[in-house]
Amino acid sequence: MVEIKLYNTKTRAKEAFVPIDPENVRMYVCGPTVYDRAHLGNARPVIVFDTLFRLLRHVFGEEHVTYVRNFTDVDDKINATALARKEAGANGTLEDLVKERSDETIGWYHDDMDALGAMRPSQEPRATEYIAAMVIMIADLIAKGHAYEAGGHVLFSVDSYKDYGKLSGRTVDDMIAGSRVEVAPYKRNPMDFVLWKPSSDDLPGWDSPWGRGRPGWHIECSAMSFELLGESFDIHGGGNDLMFPHHENEIAQSRCAHPDGHFANYWLHNEMLQVEGKKMSKSLGNFFTVHDLLDQGVPGEVIRFVFLSTHYRKPMDWTQKKADEAAATLRKWRALTSGIEPAASAAPAVIAALGDDLNTPGALTELHRLAGDGAAADLLASARVMGLLTEDLGAWVAPVADLSVFAERLSATREAAMLSKDFSEVDRLKSAYLDAGLEVRMSKAGVDLVPGAGFDMDKLRAVE
């Protein structure tokens, strides 16, 4: 079996991946809070862990891997949108309007991530579906002395868990000094965090032993992962911005609620995303959603390729140059693999690169080598393990056969010009083809047209 090594944030080392049960490999990844469209940075963990999901399925078998990614649909921003709709005269209760907003946003999320070639996880639980499980876990934490009720809230006592801070490598004092924590008079320790908070009549809420209220963010993932994957599972992932406080708090809650379990054995965190060398921000005018890029005509497969070009543990810089180069490469690969069947299995060198802590840049290098060797069937099978060159993502590339007509036209025009010595029409056609995004290669053997990054088939068809 292929050896997989993963960098474990918990141990700060690359370790051989040994699942608890090879027949049931389990992974949990923190999903989006569904109040608006996913921005480009939100797509990075989706593609990273989709690639890991594909690798695990390749190695252990499709039926032996369970991937859970949640939707957080309990959130003040969702509530604010629902309240605004209610005040504007929308029909239904506030809870109905919250669900309506969540359904709408989840639909957008699915559409955008599907366009990037991301497979749907095995299960996609919503926080609102697991409120009862959260209440049970909170009550258990109180009974075990790890949580307390105060000021209408239930809070987790960080002092009750001696290993608090080990994942992020911080002491509690460091966390207090370097973080913006809510200093409330009812907290025993400034770092104590909310498990349950009260809801007013104009906010969604659920009944509980502590009154009508709603859960804190951190308890949601602990409850859902336990219900769906058990008290011990293999991999927990997310962006490194979640390491503290979210993942640190998840560990504390889960280990205290289930002291005989390990919670997650391997912790994987992806680095953040930049745009043209700068942090993505609305104030800099470089903030955009996945939907924005797709609307601008950037194919989802191109976005995926650019993301895979950088190792997940390094900051990723989205640039137009990278997108153009990715489009050109993918066009060439799709031309090479057009009309052929994939090999029975991916190339071992590609799987070995992916098995080395998801070394996707190394895997892409191997794909380039396969393309250079003309190994089309191996290229196709190997690329598909990475979610590339799939049939679902191929609609953006014009059929290669369509270009032969234009190549023959330029070739015939050139032959006529060789006799007349008037190359004006050749120059005009060549200029028009270049303007349509084609690379024009002319030799004694004939004319070869290669689609570039900005190739526009409609523009080419309009050439008179």
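Note that the numbering runs from 1 along the sequence shown for the chain.
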Next on the checklist: Less than 4.0 angstrom from a charged side-chain N to a carboxylate O is my criterion; do Arg188 and Asp159 meet it?
Outcome noted: no
Checklist entry - Taking the six-membered ring for Trp, are Trp333 and His368 ring centroids under 6.0 Å apart? => result yes
Next on the checklist: Over 60° means perpendicular and under 30° means parallel, so tell me whether Phe17 and Phe60 are parallel, tilted or perpendicular.
Outcome noted: perpendicular
Item to check | Arg214 bridged to Asp76 by N-O distance under 4.0 Å | outcome: yes
Next on the checklist: Between Tyr28 and Asn70, is there a side-chain heavy-atom distance shorter than 4.5 Å?
Outcome noted: yes
Checklist entry - Should the pair Phe233 and Phe263 be assigned to parallel (<30°), tilted (30 to 60°) or perpendicular (>60°) ring geometry? => result perpendicular
Item to check | salt bridge (charged side-chain N to carboxylate O under 4.0 Å, His left out) assessment of Arg255 paired with Asp163 | outcome: CA-CA 10 Å; Arg255 292 299 305 274; Asp163 289 335; 5.7 Å; no
Next on the checklist: Do Leu370 and Asp373 make a side-chain contact, defined as non-hydrogen atoms from C-beta onward lying under 4.5 Å apart?
Outcome noted: no
Checklist entry - Taking 4.0 angstrom as the limit, do Lys322 and Glu325 come out as a salt bridge? => result no
Checklist entry - Charged N to carboxylate O under 4.0 angstrom, Glu301 versus Arg304? => result no
Checklist entry - Just wondering, do Val46 and Leu116 contact through their side chains at under 4.5 Å, heavy atoms? => result no
Next on the checklist: If you compare all heavy atoms of Ala383 against all heavy atoms of Leu367, which two are closest, and at what distance to 0.1 Å?
Outcome noted: N-CD2, 3.8 Å
Checklist entry - Taking it one step at a time, do Tyr109 and Asn42 satisfy side chain to side chain donor-acceptor pair (under 3.5 Å)? => result CA-CA 10 Å; Tyr109 186 83; Asn42 298 144; over 6 Å; no
Next on the checklist: Within the structure provided, determine whether Leu364 and Leu388 are in side-chain contact (heavy-atom separation under 4.5 Å).
Outcome noted: yes
Checklist entry - Measuring from His247:NE2 to Ser254:OG, what's the distance to the nearest 0.5 Å? => result 11.0 Å
Item to check | Distance in Å, Cys221 SG paired with Phe226 CZ, rounded so as to fall on 0.5 Å steps | outcome: 15.0 Å
Checklist outcome for this item: In terms of heavy-atom contacts, Ala16 and Lys5 come closest through CA-CG, 4.1 Å
Next on the checklist: For a quick test of reading the model, state the closest non-hydrogen atom pair linking Gly239 to His269 and the distance between them.
Outcome noted: O-CD2, 3.5 Å
Checklist entry - Is Glu248 paired with Arg170 through a side-chain N to carboxylate O contact shorter than 4.0 Å? => result no
Checklist entry - Looking at CG of Asp36 and CD1 of Ile78, how far apart are the two atoms once the value is rounded to the nearest 0.5 Å? => result 10.5 Å
Item to check | Asp324 side chain to Gln320 side chain, donor-acceptor N/O pair below 3.5 angstrom | outcome: yes
Item to check | salt_bridge(Lys99, Asp73) N-O dist < 4.0 Å | outcome: no
Next on the checklist: Let's go through Val290 and Arg37 carefully: what are the C-alpha distance in whole Å and the side-chain angles of both, what is the deciding distance for side-chain contact (heavy atoms from CB on, under 4.5 Å) to 0.1 Å, and is it a yes or a no?
Outcome noted: CA-CA 8 Å; Val290 173; Arg37 283 196 178 273; over 6 Å; no
Checklist entry - So, for Val65 and Ser122, which heavy atoms are closest and what is the spacing to 0.1 Å? => result O-OG, 3.7 Å
Next on the checklist: So for atom NZ, which belongs to Lys314, do other residues, nucleotides or ligands contribute more than 12 heavy atoms lying within a distance under 6.0 Å?
Outcome noted: no
Next on the checklist: Quick one, Lys14 with Asp356, criterion salt bridge (charged side-chain N to carboxylate O under 4.0 Å, His left out). Give me CA distance, side-chain angles, the key distance, then yes/no.
Outcome noted: CA-CA 9 Å; Lys14 192 187 293 188; Asp356 183 15; 2.8 Å; yes
Next on the checklist: Quick check: do Met27 and Asp234 have side-chain heavy atoms less than 4.5 Å from each other?
Outcome noted: no
Checklist entry - So do the side chains of Leu40 and Phe307 get within less than 4.5 Å of each other, counting heavy atoms only? => result yes
Checklist outcome for this item: d(Thr51 OG1, Met119 CE) to nearest 0.5 Å is 11.0 Å
Next on the checklist: Which heavy atom of Thr360 sits nearest to which heavy atom of Met386, and what is that distance?
Outcome noted: O-CE, 3.9 Å
Item to check | Test item: Pro198 and His153 side chains (from C-beta on) under 4.5 Å apart, heavy atoms | outcome: yes
Checklist entry - Where the side chain of Ser168 meets the backbone of Met243, is there a donor-acceptor pair that is under 3.5 Å apart? => result no
Checklist entry - Are Trp196 and Val135 close enough, and set up right, to give a side-chain contact (heavy atoms from CB on, under 4.5 Å), and what steps lead you there? => result CA-CA 8 Å; Trp196 190 264; Val135 169; 3.9 Å; yes
Checklist entry - With a 6.0 Å cut-off on ring centres, are Phe156 and Tyr161 close enough? => result no
Checklist entry - So, Ser232 side chain and Gly261 main chain: donor-acceptor pair closer than 3.5 Å or not? => result no
Checklist entry - Nearest 0.5 Å, what's the CG-NE2 distance between Asn249 and His218? => result 4.5 Å
Checklist entry - What distance do Met280 atom CE and Trp318 atom CH2 have between them, rounded to the nearest 0.5 Å? => result 11.5 Å
Checklist entry - Side chain of Asp295, backbone of Asp292: donor and acceptor closer than 3.5 Å? => result no
Checklist outcome for this item: Heavy-atom nearest pair, Arg369 first then Ala349, reads NH2-CB, 4.4 Å
Checklist entry - Hey, does Thr72 have a side-chain heavy atom less than 4.5 Å from the side chain of Tyr35? => result no
Next on the checklist: Taking Arg120 first and then Asp114, would you say they form a salt bridge - that is, a charged N and a carboxylate O separated by under 4.0 Å?
Outcome noted: yes
Checklist entry - Relative to each other, are the rings of Trp267 and His236 parallel, tilted or perpendicular (30° and 60° limits)? => result parallel
Item to check | From CA spacing to verdict: side-chain contact (heavy atoms from CB on, under 4.5 Å), Tyr312, Leu52 | outcome: CA-CA 11 Å; Tyr312 78 93; Leu52 179 56; over 6 Å; no
Next on the checklist: Less than 6.0 angstrom separating the ring centers of Phe71 and His110, yes or no?
Outcome noted: yes
Checklist entry - Between Arg26 and Leu229, is there a donor-acceptor pair closer than 3.5 Å when you use the side chain of the first and the backbone of the second? => result yes
Next on the checklist: I'd like to know if the side chain of Asn189 and the backbone of Ser157 have a donor-acceptor N/O pair within less than 3.5 Å.
Outcome noted: no
Item to check | Ring centers of His291, Trp108 separated by less than 6.0 Å | outcome: no
Item to check | Lys/Arg-Asp/Glu bridge criterion (N-O < 4.0 Å) met for Asp103, Arg126 | outcome: yes
Checklist entry - Asp50 and Tyr67: side chain to side chain donor-acceptor pair (under 3.5 Å), yes or no, with the steps? => result CA-CA 9 Å; Asp50 176 68; Tyr67 172 20; over 6 Å; no
Item to check | Cationic tip of Arg57 above Phe53 ring, under 6.0 Å, 45° of axis | outcome: yes
Item to check | Whether Ser309 side chain and Phe305 backbone form a donor-acceptor pair below 3.5 Å | outcome: yes
Next on the checklist: The test is side-chain contact (heavy atoms from CB on, under 4.5 Å); show your working for Asn270 and Met316 and say whether it passes.
Outcome noted: CA-CA 10 Å; Asn270 63 272; Met316 201 209 88; over 6 Å; no
Next on the checklist: I'd like to know if the side chain of Asp96 reaches the main chain of Thr93, judged simply by a donor and an acceptor atom lying under 3.5 Å from each other, with no hydrogens or angles considered.
Outcome noted: yes
Checklist entry - Centres of the Tyr266 and Tyr7 rings: under 6.0 Å? => result no
